Amino acid sequence: MSASQQTLQELIEKGQQAFRNTFGYEAEVASFAPGRVNLIGEHIDYNDGFALPMALSMGTVVMGARNKSQSTADIITFSEKIDGTNRIQFDVKALEPSNPAISNCRWANYVKGVIYHFNHNVPGFNAVIVSNVPMGAGVSSSAALEVSTLLFIEALSTKRIASNDERAKICVRAEHTFAGTPCGIMDQMISLNATANHALLIDFRSLESWQIPFMSKSLAILICNSNVRHKLSDGEYGKRREQCSKALELMGLKSFRDVQPEHLSVLYKANDQVLINRTKHVIEEIQRTMDAAEALKNGDFKKMGELMKQSHTSLRDLYEVSCEELDALVDVANSCPGVLGSRMTGGGFGGSTVTLLETQCVDTVISNIKKMYKEKYNREADCFVVLPSAGARIIKL
Ligand code: GLA
């Protein structure tokens with residue numbers, strides 16, 4: 001059985017056993033945080049836009065208990081495909097973002113970053129991490145780890161964080177300063193605030209959010225992991241952020257939400273096609289996401305599918321964050337009967353696509369996608385059907 005097929009109960013049992021075997025006593029505190037798939041609203045969380053993500057049932061469990069030390073954390077991960085060592089020991093009071101010793105073990109950087117930015121007395125503890133979120137698939141395994149870690153250390157300490165907005169911000173700071181990824185706040189917000197059977201419309205200007213019912217027996221959501229991660233991704237994400245800031249600066253604005261036709265004419269005069277394209281994507285994707293939320297509310301799934309297709313075209317041509325493999329996965333999905341719409345999801349340059357389709361067509365669509373992908377790229381596309389699931393929580397052991 002692959003990790004992604006394990007149920008939460010199985011993850012918990014695996015964690016309890018691993019904790020007992022490693023540390024010789026019982027875990028007392030456990031937290032769970034899910035990965036996510038974004039239905040629409042891509043690359044606009046850091047641009048004051050909207051997104052419409054949903055949580056997956058797959059997530060990360062952090063489980064453990066205090067140890068006898070004042071401030072030593074001893075953590076072991078059982079996640080698949082990690083880089084570096086799977087066990088780390090460190091002093092929770094001696095963390096610094098710039099410490100080069102922490103830089104080459106990515107999973108540990110997220111954990112350390114969250115403890116650092118939690119910024120409160122964390123006692124010495126032992127913990128295990130178990131997860132069934134596929135790594136590097138663009139479904140936020142890192143946010144799941146950050147959020148689960150935060151809930152865990154919050155439960156171990158005496159400090160309570162005031163709100164999920166604050167929790168999400170702590171996790172984002174951890175990611176920026178310890179993992180070096182200049183991400184937005186979407187992944188952490190959905191992991192914390194998701195409700196089963198709903199997608200979450202998030203306004204990133206105000207951080208207000210609305211639960212949008214999203215459940216239909218006749219429709220399914222399919223994630224296809226391209227299993228590619230193009231090297232240029234890290235730098236390119238930051239570059240997109242810089243280009244968007246530059247476009248705003250040229251227009252003399254602080255937010256894309258305030259763009260009026262006269263502002264756009266400034267960009268046209270500057271004749272910078274890249275900035276024009278990025279801006280166009282942001283403005284249109286904001287509108288598409290609001291329209292998509294409306295379509296879901298009205299049960300207009302055909303419209304939802306059309307908007308997803310448009311979103312992909314824009315990400316491919318205007319924002320330039322797709323790649324050949326993702327385009328091929330989207331094209332083959334869109335050509336299958338029963339598919340309402342397909343698009344890349346997440347940061348791009350690899351990772352996954354998300355497809356809205358009729359439940360009765362799932363098996364045929366998956367087999368068409370896998371066949372094309374194997375023939376064209378000699379790679380496997382991992383496909384899984386997902387349901388909008390509940391958000392992060394403490395688990396009673
Ligand atoms: C990554 C980031 C998010 C968001 C998406 C693109 O997942 O972590 O904050 O910017 O890319 O929508």
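Just so it is clear, the structure is predicted and the values come from calculations on it, not from any experiment.
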So [Y] and [X], do their side chains get closer than 4.5 Å, heavy atoms only?
| X | Y | result |
| --- | --- | --- |
| Leu356 | Met308 | yes |
| Leu340 | Leu219 | yes |
| Leu150 | Ile170 | yes |
| Asn121 | Thr158 | no |
| Asp48 | Phe256 | no |

Regarding [X] and [Y], do their side chains bring together a donor and an acceptor under 3.5 Å, going by distance alone?
| X | Y | result |
| --- | --- | --- |
| Thr77 | Asn86 | no |
| Asn67 | Asp74 | no |
| Arg241 | Tyr237 | no |
| Gln16 | Glu26 | no |
| Asn334 | Ser342 | no |
| Gln360 | Glu358 | yes |
| His281 | Ser314 | yes |
| Glu13 | Gln17 | no |
| Glu42 | Ser311 | no |

Please report whether the ring centroid of [Y] lies less than 6.0 Å from that of [X].
| X | Y | answer |
| --- | --- | --- |
| Tyr116 | Phe178 | yes |
| Phe19 | Tyr25 | yes |
| Tyr319 | His43 | yes |

Closer than 4.0 angstrom, basic N to acidic O: yes or no for Glu306 and Lys303?
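The answer is no: the pair does not qualify as a salt bridge.
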Nearest 0.5 angstrom please: Ser209 OG to Ile202 CD1, how far?
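Answer rounded to 0.5 Å: 6.0 Å.
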Using the side-chain hydrogen bond (donor to acceptor under 3.5 Å, both in side chains) rule, take Ser163 and Asp165 through it: C-alpha gap first, then chi angles, then the decisive distance, then the call.
CA-CA 5 Å; Ser163 66; Asp165 289 3; 5.0 Å; no
Given the ring of Phe90, does Lys112 sit roughly above its face, with NZ or CZ under 6.0 Å from the centre of the six-membered ring and within 45° of the axis?
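Flagged: Lys112 positioned over aromatic ring of Phe90.
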